[in-house]
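Proteins get letters first, then strands, A, B, ... in listed order; numbering begins at 1 in each. Keep in mind that this is a model prediction, so the values were computed, not measured.
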Amino acid sequence: MKTFYKKFSERFIEGLLMLSSSITSLTVVLIVVFLFKEGIGLFNQKPVEPGYVITINKSNKVKELSSAQIKNIYDQKITHWSEVGGTHDSIVLFQLEDIGNYYSDEQIGDNMQNLSYCLNRLVDSLPNIIAFFPDKYLAKDFKGTILEVDKVSLTDFFAGKEWIPTAKPSAQLGVLPLILGTLWVSLGAILLALPLGLAAAVYMSEIANDKVRRIMKPLIELLAGIPSVVYGFFGLVIIVPLIQKTFNLPVGETGLAGSIVLGIMALPTIITISEDAMRNTPRAMKEASLALGASKWQTIYKVIIPYSISGISAGAILGIGRAIGETMAVLMVTGNAAVIPHTILAPVRTIPATIAAELGETSNGGLHYKALFALGCILFLITLFINLTVEFISNRKKHNKH
Amino acid sequence: MYKIESKNVDFFYGPSQALKNINIAIRANTVTALIGPSGCGKSTYLRLFNRMNDLIDNIKLSGQVLIEGEDIYGRGINVDSLRKNVGMVFQKANPFPKSIFENVAYGLRVNGITDKKIIEERVETSIKQVVLWEEVKDKLKKSAFELSGGQQQRLCIARALAIHPSIILMDEPTSALDPISTAKVEELIYELKTKYTIVIVTHNMQQAGRVSDRTAFFYLGELIEYDETKTLFTKPKEERTQNYITGRFG
Amino acid sequence: MINEIKITKRKKRSQAIAFWIFRLLSYSIVAILFIILSFIIFKGASVINWNFITQMPEEGMTKGGIYPAIIGTLCLVAGSMIFAFPIGVLAAIYMNEYVKDGIIKRIIKQMTNNLAGIPSIVFGLFGMSLFVNKLHFGDSILAGSLTLGLLALPVVIRTTEEALKAVDNTFRQASLGLGASKWQTTSKVVIPIAFPNIITGLILSIGRVSGETAPILFTVAAYFLPKLPTSIFDQAMALPYHLYVISTSGTNIEASRPIAYGTALVLIIIVLIANLLANGLRKYFGKKVKMN
């Protein structure tokens, strides 16, 4: 009986342990499911707000417009129907608030009871109109054409140059500026951090004596432990004004500020991983070099660095990964302008910052909400790719060891 | 004048003494074997001659190590130049993860030789010296790791020869090799003797007998006996030497 | 010979220059750290006092204290650790003591690594869609703690695994040899030896969790809430979010700067204490184990 009990409890505990260790895998799977379910749902939606229609006169040959075209029409960048495949006439824009220009309050009625009738007549009477209004005001015998708006397409999403998710009548969901913003800021960060981090790694693993190393190691750990909001805050009150003054800019919140802050934040990752890699260079390799009369420095750059290059690149790639995924610090110092960056001295906006800044304003399950989840998917895929690359590099290294 | 001389050498790793009052004098163009059970200090002693022990923290040396009459631990000694003059071959072949050619050229490059012709010439002669040329001449650009263990070790010897040292230290150079490769390396040592002064640490007493002119027997950090190899193996003066060479311990 | 002296000189010089540059760059990193720390300590020290940490925010968060944010962060840290610590430790035990090398272990390892690499904002998205929306926890301490807990899980697992790995195998063999079962060996021998290092891992994850902002943005954090949470289904303020809010979008950013410095300093102090404690423990127990 006792052994049975013992055996049973052993089994039970092992099951419990197994369950616990499966939580991480389960979480990853759940993250994928939730993220992608919402994110992919974006491509099943139209960029026009649900409950609204875009209508044109029946005589108009145009039957379909893309979301970018709609936006350009309402921004008056497209002013003639010919530009979207119609006649040479200029476009007459109409939104619901313009109704007063055409009909008096009396005609519409106190409770808007005649609004749908008015709208119907308006669209029917103006051959070059494009009208945007809620579909509840669509008359039963509507005489115009209801425009087909394309669903959000992958090309719109990935190649679109504008990110204005709240634009009316049609949201602009181009992530190109966000992706480029993310890459710019991260690239800048790594360009700043890599030389510094590598130098520190070389110094700590090969040059400094034990005492200095023992002091520096916890300091680097501390650097890694400082919360990202604190970095963001520091960037905001020190680096941003500094940049503004130095370059005489209207605002100091720029891609450069983001790169500097992210660079500092990426340092510990780069240092720790490349230092480990260098330290793992076989002693025999160092001795062989020194025994041939090479100086310590020659040994470092001719033997140790080439030997540990895969570890160093793993550190650099992970550093980039950190930078790409970092949210708060970037959000606080980059100025968050969703435009394609042309200089590091202009405000930029990254993917994580966009999610953080906008998710609070979205309605659960709406277009904007789903668009932000799609951004989350991109972020997830980028970081997954980075992790797998690092894994691949370090595995290859293991096989190479003779 | 002796090529290498050590006078009253004591050596410490932290608090523990690894070498006790070692006095040895080595003539030029001879092969000297250092033998003894593992941990007896023979490798540590060998590494004094090119200051390889300097890499370890917390060491202390007293006494003098002279090479060509000069105290190599004295002031104004440039360690890099010393190591250029005192080549070393390690227990396990340790080629760099570079091509065969670059492995041999490495020492030349780090010592400031940039002339391509001289480098090519010296690489070729060095590889020929270790009788490896015929085996590798068509694949000089290939990674040194593609060679067999024995070939790698000969390549490492060639690498050491390329910078024209006058002394070569060998730390159990054949312990990781098969008998045929071992024989090749031993033959090589015998030939190199005409040009270089060789000090070799070995576990293998037959090897010491075959290749060396003089042999030093170390035990627990002390030099027990140092004599002509023939004498030491046939008529040792010390009982501990006798016991070791007849295989009673070690 | 003259040539050789020249070359030696050149080698020496280039080494000296290179090492000098490396030393300079390394020290500049330390300098950056000290600039950040001293700046925040210097600016924040005059703000922090007993009232600051025990009073409610006042006048649009430009006056008063940060008491509710401190309490909120404490709740979140406690909540996330109650969730992540036991699961993480159990998972690490399974990985290190039970499962053999093979495909399952590789998968779990890989997944844990992947989880560790996911950006914190993605955790925020996930926490919002699963805990807040799907499970209807709403913006709550529960949702925030679970999200933070998932984020901390890989950290706990990794540090615990390292702690377990450091336990000499002879202890296990000795215990198993006396007829103890696997769990008895693990719980009575392995864990007690690894315990200090496991606790070190716990402390470090507390440091990490207390400063995380992105995961709590949409799962728990309240912009301004001048009362303390009464249940796990309440919203709460939190230190990092508070710092973010008052330094970027408060009602009067300039007026609330001192509060921001104070909040940043409190965060830094938490991280400092966690690091010092972890290092201290490591050193203390490291020595003790060596002496045995």
>> How about CD on B/E70, more than 12 heavy atoms from neighbouring residues, nucleotides or ligands closer than 6.0 Å, or not?
In response: no
> Would you say A/R322 has more than 12 foreign heavy atoms packed within less than 6.0 Å of its CZ?
Replying inline: no
>> Minimum heavy-atom separation for A/A284 and B/N94, please, with both atom names.
In response: O-ND2, 2.8 Å
>> Please find the pair of heavy atoms, one from B/D80 and one from A/A294, that lie closest to each other, and give the distance.
In response: OD1-O, 3.7 Å
> Among B/R47, B/K98, B/R83, B/Q91, which residue forms the greatest number of heavy-atom pairs with chain A at distances under 4.5 Å?
Replying inline: B/R83
> Which heavy-atom pair separates A/L290 from B/M52 by the least distance, and what is that distance?
Replying inline: CB-CE, 4.0 Å
>> Would you say NZ of B/K139 has more than 12 non-hydrogen atoms from neighbouring residues, nucleotides or ligands within 6.0 angstrom?
In response: yes
> Relative to chain A, which segment of B/F96 carries a heavy atom at a distance below 4.5 Å: side chain, backbone, both, or neither?
Replying inline: both
> Taking everything shown except B/F12 itself, do over 12 heavy atoms lie less than 6.0 Å from its CZ?
Replying inline: yes
>> Tell me whether the count of non-hydrogen atoms from other residues, nucleotides or ligands lying under 6.0 Å of OH in B/Y73 goes above 12.
In response: yes
> Between CZ of B/R109 and NZ of A/K302, what distance do you get to the nearest 0.5 Å?
Replying inline: 6.5 Å
> What part of B/V86 lies closer than 4.5 angstrom to a heavy atom of chain A: side chain, backbone, both or neither?
Replying inline: backbone
> What are the two closest heavy atoms between A/E287 and B/L55, and how far apart are they?
Replying inline: CG-CD1, 3.9 Å
> Is atom CZ of B/R27 surrounded by more than 12 heavy atoms (other residues, nucleotides or ligands) closer than 6.0 Å?
Replying inline: no
> Got a sec: does the CZ of A/F385 have more than 12 other heavy atoms crowding it under 6.0 Å?
Replying inline: no
> A/S289 and B/Y106: which non-hydrogen atoms are nearest, and at how many Å?
Replying inline: OG-OH, 2.6 Å
>> Go through it in stages, so that I can follow the logic: the residues are B/K84 and A/L292, the test is side-chain contact (heavy atoms from CB on, under 4.5 Å), and I'd like the CA-CA distance, side-chain angles, deciding distance and then a yes or no.
In response: CA-CA 5 Å; B/K84 183 176 169 285; A/L292 289 167; over 6 Å; no
>> Report which part of B/R159 has an atom under 4.5 Å of a heavy atom belonging to chain A: side chain, backbone, both, or neither.
In response: both
> NZ/A/K296 to CG/B/D54 distance, rounded to the nearest 0.5 angstrom?
Replying inline: 10.0 Å
